[in-house]
Amino acid sequence: MTLKCINPVDLPPQQSYTQVVVATGSKLVFVSGQEPEDIDGNLVGPGDLAVQARQVYANLGRALAAAGAGPEHVARITIYVVNYERDTCLPIIEAARKTLFGDHKPADVVLGVASLSPGYLIEVDAIAVID
């Protein structure tokens with residue numbers, strides 16, 4: 001499996017994601033939106049985006065591992081955030097993202113939404129490619 005990360009010179013430079021990811025492999029892994037829940041399905045960190053984001057990325061890592069994939073196999077993520085304000089929310093989300101992905105920067109979409117499940121502030125899904 002290979003991921004070729006491309007940041008075209010005629011698009012704005014990005015710090016936290018890659019503009020284009022070309023994935024080559026033999027198996028696609030689609031991970032459902034991971035929520036800020038513990039193993040018992042209880043909300044973690046009510047009202048705290050940082051705590052919830054760390055839980056979401058930890059859950060995403062476990063979901064990928066269950067499919068035989070790792071963070072390095074992820075080509076794209078979608079991040080849903082309640083009441084998203086870029087300057088406030090993005091640094092918090094990026095700090096949590098790095099706990100799973102390190103320097104790997106999959107393509108991503110960040111969507112501000114009016115609501116998720118009651119009390120949930122963030123949800124993240126993923127697409128990975130493995131051999």
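All values below come from the heavy atoms of this structure, side chains included, with hydrogens, waters and symmetry mates left out. Source: prediction; values computed, not measured.
Between atom CD of residue Gln34 and atom CG of residue Leu100 there is a gap of 11.0 Å, rounded to the nearest 0.5 Å. Between the CZ atom of Arg97 and the NE2 atom of His104 there is a distance of 8.5 Å, given to the nearest 0.5 Å.
Using a 4.5 Å heavy-atom threshold, the side chains of Tyr57 and Ile79 count as touching. Counting heavy atoms from C-beta on, the side chains of Val82 and Ile122 never come closer than 4.5 Å. Side-chain atoms of Val129 and Val29, non-hydrogen and from C-beta on, never get closer than 4.5 Å to each other. Side-chain atoms of Glu94 and Ser16, non-hydrogen and from C-beta on, do get closer than 4.5 Å to each other. Side-chain contact between Val124 and Tyr80 is absent, with no heavy atoms from C-beta onward closer than 4.5 Å. In this structure the side chain of Val81 never reaches within 4.5 angstrom of the side chain of Glu123, judged on heavy atoms. Contact check for Leu43 versus Pro36: side-chain heavy atoms found under the 4.5 Å cut-off. Two residues are said to be in side-chain contact when any heavy atoms from C-beta on lie closer than 4.5 Å; Thr18 and Pro106 fail this criterion.
Between Tyr120 and Glu37, the side chains place a donor N or O and an acceptor N or O closer than 3.5 Å (distance only, hydrogens not considered). No side-chain donor-acceptor contact under 3.5 Å links Gln52 and Asp48. For Ser32 and Asp125, the side-chain atoms include no donor-acceptor pair closer than 3.5 Å.
Around atom CZ of Arg62, more than 12 heavy atoms belonging to other residues, nucleotides or ligands sit under 6.0 Å away. More than 12 non-hydrogen atoms from other residues, nucleotides or ligands lie less than 6.0 angstrom from CG of Leu111. In this structure, Asp40 places its CG atom where more than 12 heavy-atom neighbours from other residues, nucleotides or ligands lie under 6.0 Å away.
Here the closest heavy-atom approach between residue Pro8 and residue Gln19 is recorded as CD-CB, 3.8 Å. Considering all non-hydrogen atoms of both residues, Ala107 and Val21 come closest at N-CG2, 3.5 Å. Closest non-hydrogen pair, Ala63 versus Val31, comes out as CB-CG1, 3.6 Å. Considering every non-hydrogen atom in both Leu3 and Ala75, the closest pair reads CD2-CB, 4.0 Å. Contact detail for Ile130 and Ala69: the closest heavy-atom pair is CG2-CB, 3.8 Å.
Cluster annotation: Leu116 is connected to Ile93 through the hydrophobic network of ILVMFWY side chains, with a link wherever side-chain heavy atoms come within less than 4.5 Å. Cluster annotation: Ile6 and Phe101 are assigned to distinct hydrophobic clusters (Ile/Leu/Val/Met/Phe/Trp/Tyr, side-chain heavy-atom contacts under 4.5 Å, transitive). Note on Val113 and Val110: same hydrophobic cluster, where clusters join Ile, Leu, Val, Met, Phe, Trp and Tyr whose side-chain heavy atoms are under 4.5 Å apart, directly or indirectly. Cluster membership check: Val74 does not share its hydrophobic cluster with Val20, using side-chain heavy-atom separations under 4.5 Å among Ile, Leu, Val, Met, Phe, Trp and Tyr. Side-chain heavy atoms closer than 4.5 Å link hydrophobic residues (I, L, V, M, F, W, Y) into clusters, and following such links, even through other members, never connects Leu90 to Tyr17.
Side-chain N or O atoms of His73 include none that pairs as donor or acceptor with a backbone N or O of Leu28 at under 3.5 Å. Looking at Gln14, its side chain does come within 3.5 Å of a backbone N or O of Pro12 through a donor-acceptor pair. With Asp108 contributing its side chain and Ile77 its backbone, the two residues share no donor-acceptor pair below 3.5 Å.
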- Audit row: Glu35, Ser117, side chain to side chain contact (heavy atoms under 4.5 Å, CB included) steps and yes/no: CA-CA 9 Å; Glu35 298 177 319; Ser117 295; 3.5 Å; yes
